Amino acid sequence: MIIRNAQFVKSSSNYSECPPADKYEYAFIGRSNVGKSSLINMLVKRKELAKTSGRPGKTTLINHFIINEEEGKPKTGWYLVDLPGYGFAASSRTNRRKWKSFTRDYLIDRNTLVFLFVLIDSRHDPQQIDLNFIHWLADKEIPFGVVFTKTDKLGRSALNKSMATYKKKLNETWENLPPLYITSATNKTGRDEIIEFIGETNNNLEERK
Ligand code: GTP
Ligand code: MG
């Protein structure tokens, strides 16, 4: 699939403020600073479409970006959604509670959400907060895949080791693993796999209509 255009639509501070649910959407979630916004920019080949920052907690709203909308045809295109990060220790308790409620509403109620990419920093051992979140997704039957980020920071053998550890951890609970993607926004690796997956999924959904 070719990304012909990408445009910011809106930031929503509440599930109810999200744009009308009339297009397929693919969302990105994970700990603060894991690289969600950077990955979106890499996928659409736009440096600053989604705002990134070295400081965690940059994205605090649900941000919709519309991809491949055809001019004059408002029913075309699909959404990429940048979600706020979780597990940001310096964030206030009120903020954390708010994160939980509106992202939970979004993830459970958004019936046009096709697939959720859960981003994991490839440099770290499996973190409980991510594993808990993955368990919750599986429990709620929300389709998801795991995206390992910042793989440019690891050498090949360290990366392989890190991947193996993660897979082993997931295999403790599940026989079948979710799709796994290995990415670096810096080196632009893993882009084609994710874009092809989205393209194929969109086609399958269209055919089933
Ligand atoms: P929040 O919005 O705060 O939840 O963060 P985020 O997950 O959107 O992370 P963001 O994309 O803002 O990136 C956080 C930091 O990690 C920035 O300094 C990025 O430049 C850096 N970063 C993101 N992706 C990569 C990557 O693939 N490789 C390297 N080396 N750095 C990356
Ligand atoms: Mg962000």
Side-chain angles (χ1 to χ4, degrees), residues 3 6-15 18 25-67 79-104 106-107 113 115-124 126-134 136-137 144-156 158-160 162-163 166 180-195:
I3 304 288
Q7 231 183 333
F8 170 72
V9 178
K10 81 179 281 201
S11 297
S12 314
S13 61
N14 235 309
Y15 171 62
C18 285
E25 60 190 65
Y26 298 82
F28 297 82
I29 203 161
R31 300 185 78 181
S32 288
N33 214 43
V34 68
K36 299 173 291 294
S37 304
S38 304
L39 182 73
I40 289 179
N41 290 336
M42 185 271 264
L43 293 175
V44 300
K45 297 187 178 171
R46 289 270 297 276
K47 266 199 182 118
E48 289 179 16
L49 185 67
K51 299 278 173 289
T52 65
S53 167
R55 277 189 298 142
K58 176 70 182 171
T59 310
T60 54
L61 304 163
I62 301 177
N63 296 293
H64 278 79
F65 301 94
I66 189 162
I67 315 298
Y79 288 129
L80 284 182
V81 182
D82 192 8
L83 295 169
Y86 54 75
F88 175 34
S91 171
S92 71
R93 184 185 285 230
T94 321
N95 270 346
R96 285 207 297 269
R97 199 176 305 129
K98 220 169 126 199
W99 182 89
K100 276 198 172 159
S101 68
F102 82 65
T103 39
R104 196 195 290 129
Y106 170 82
L107 293 171
L113 175 67
F115 197 81
L116 180 70
F117 293 95
V118 180
L119 276 61
I120 304 283
D121 191 322
S122 59
R123 296 169 298 174
H124 305 315
Q127 308 274 307
Q128 201 55 47
I129 190 168
D130 295 319
L131 297 168
N132 290 348
F133 183 66
I134 289 173
W136 182 82
L137 289 175
F144 70 95
V146 170
V147 177
F148 296 105
T149 64
K150 307 192 184 183
T151 59
D152 55 283
K153 295 217 181 190
L154 290 177
R156 173 132 308 270
L159 177 61
N160 288 342
S162 187
M163 297 298 101
Y166 222 94
L180 303 171
Y181 297 95
I182 292 173
T183 69
S184 158
T186 304
N187 291 352
K188 311 202 184 328
T189 41
R191 179 181 181 276
D192 293 353
E193 288 81 357
I194 293 178
I195 294 294

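Read the numbers this way: they start at 1 and go in the same order the structure lists the ligands and their atoms. Positions are given from 1, in the same order as the sequence printed here. The figures that follow rest on heavy atoms only: side chains count, while hydrogens, waters and symmetry mates do not. This structure is a prediction, so every number in the text was calculated from the model and none was measured.
Looking at K153, K188, K150, it is K150 that brings a heavy atom closest to atom 32 (C) of ligand 1.
There is a side-chain donor-acceptor pair under 3.5 Å between S11 and N63.
Although no hydrogens or angles enter the test, the distance criterion places no donor-acceptor pair under 3.5 Å between the side chain of T189 and the main chain of T183. Judged by distance alone, with hydrogens and angles left aside, the side-chain atoms of N41 form a donor-acceptor pair with the main-chain N or O of K47 at under 3.5 Å.
In terms of polar-atom proximity, defined here as any N/O pair under 3.5 Å, T186 does make such a contact with ligand 1. Residue A185 places at least one N or O, backbone or side chain, under 3.5 Å from an N or O of ligand 1. The shortest N or O to N or O distance between K36 and ligand 1 is below 3.5 Å. The shortest N or O to N or O distance between T151 and ligand 1 is not under 3.5 Å.
Close approach of ligand 1 to S38 is summarised as follows: ligand atoms under 4.0 Å from at least one heavy atom of the residue are 10 (P), 11 (O), 13 (O), 19 (C), 23 (C), 24 (N). For ligand 1 and S184, the ligand atoms under 4.0 Å from any heavy atom of the residue are 27 (O). With ligand atoms numbered from 1 in the order given, ligand 1 contributes 7 (O) to contacts under 4.0 Å with heavy atoms of V34. Under a 4.0 Å criterion applied to the non-hydrogen atoms of G85, ligand 1 contributes the atoms 4 (O).
When non-hydrogen atoms are compared, ligand 1 lies under 4.0 Å from the side chain of D152 (C-beta onward) but not from its backbone. Only backbone heavy atoms of S53 (N, CA, C or O) come within less than 4.0 Å of ligand 1; its side chain stays farther off.
Note that the CD1 atom of I62 and the OG1 atom of T103 stand 7.0 Å from one another [nearest 0.5 Å].
With sequence neighbours left out, F65 forms a ring-ring contact (aromatic ring centres under 6.0 Å, His included) with F8. Taking the salt bridge (Lys or Arg N to Asp or Glu O under 4.0 Å) definition, one finds that R46 meets it with nothing, sequence neighbours left out.
Using a 4.0 Å cutoff on heavy atoms, T149 does not count as a contact of ligand 1.
Between H64 and Y79, the two ring planes are perpendicular [angle over 60°; tilted spans 30° to 60°].
Taking backbone and side chain together, S32 holds no N, O or S atom under 2.8 Å from the Mg ion (ligand 2).
Two rings, from Y26 and F115, have their centers 6.0 Å or more apart.
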CA sep, side-chain torsions, deciding dist, call: I194, M42, side chain to side chain contact (heavy atoms under 4.5 Å, CB included) = CA-CA 11 Å; I194 293 178; M42 185 271 264; over 6 Å; no

